[in-house]
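Heads up: the structure comes next, in structure tokens.
Owing to the predicted nature of the structure, the values given are computational and were not obtained by experimental measurement. Position 1 is the first residue of the sequence, and the numbers go up from there. Side-chain atoms are counted along with the backbone in the values below, which use heavy atoms only and exclude waters and symmetry mates.
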Amino acid sequence: MIVLLPHAAWFVAHWVLGSEYVVHVDIATPPRKSRAELDPLLQRDGSFIVDDEDEFAVACAAGLISDTERGAALLAVESLRIQFHTGVLMAEGLEYLDASAGPRSRS
């Protein structure tokens with residue numbers, strides 16, 4: 001697994017060898033009791049989904065996530081959607097993951 005921890009962004013990206021997802025991203029507010037997060041996922045077929053939207057919506061409605069935090073998280077999701085489909089974020093992560101794994105049989 002490769003994990004990207006950008007210092008100026010609200011997300012953590014995971015490239016997991018052999019997973020059903022190409023990239024799994026956690027978008028979250030700074031740590032606090034709500035523990036609500038959005039999980040953008042890029043699947044191997046190229047589809048982009050966002051997991052845990054229901055928990056995020058409940059935390060927002062309960063006031064555990066401010067409007068500013070909600071807006072920043074949703075903006076981060078859209079930014080990642082664009083980067084996954086038009087940028088090098090996904091490709092570079094996968095290349096590094098494959099190179100780090102060493103020789104293996106492909107299924």
Side-chain angles (χ1 to χ4, degrees):
M1 175 188 307
I2 294 175
V3 179
L4 173 64
L5 301 165
H7 70 279
W10 282 25
F11 71 88
V12 175
H14 313 263
W15 285 259
V16 183
L17 188 64
S19 171
E20 65 184 287
Y21 302 113
V22 175
V23 180
H24 175 189
V25 178
D26 290 323
I27 293 181
T29 60
R32 58 168 83 150
K33 289 184 181 181
S34 75
R35 297 179 47 111
E37 60 183 39
L38 292 173
D39 297 327
L41 306 167
L42 181 63
Q43 297 181 316
R44 291 206 173 270
D45 67 2
S47 60
F48 180 89
I49 61 173
V50 181
D51 196 18
D52 295 334
E53 288 178 298
D54 53 341
E55 295 169 8
F56 186 77
V58 168
C60 289
L64 298 173
I65 296 173
S66 72
D67 288 341
T68 300
E69 292 167 334
R70 178 185 175 278
L74 295 175
L75 186 62
V77 168
E78 289 310 308
S79 175
L80 285 166
R81 181 188 315 268
I82 292 166
Q83 289 181 54
F84 284 154
H85 287 112
T86 63
V88 296
L89 180 62
M90 187 243 344
E92 286 182 353
L94 277 179
E95 287 172 11
Y96 186 78
L97 181 63
D98 285 341
S100 298
R104 68 181 193 285
S105 62
R106 298 225 180 224
S107 36

Once you round to the nearest 0.5 Å, how far does CD of Glu55 lie from CG of Asp39? 8.5 Å
Could you list the residues that satisfy side-chain hydrogen bond (donor to acceptor under 3.5 Å, both in side chains) with Gln43, not counting sequence neighbours? Ser47
Taking the side chain as C-beta and beyond, is there a heavy-atom pair between Leu38 and Leu74 under 4.5 Å? yes
Would you indicate whether Asp67, at its atom CG, is surrounded by more than 12 heavy atoms from other residues, nucleotides or ligands within a distance under 6.0 Å? no
Note: Ile65 and Arg70 closest approach over all heavy atoms is CG2-N, 3.7 Å
What heavy-atom pair brings Phe84 and Val23 nearest, and what distance separates the two atoms? CZ-CG1, 3.6 Å
For the atom pair CG (Leu41) and CG (Asp51), what is the distance rounded to the nearest 0.5 Å? 6.0 Å
Measure the shortest side-chain to side-chain distance between Phe56 and Ile27 over non-hydrogen atoms and say whether it is less than 4.5 angstrom. no
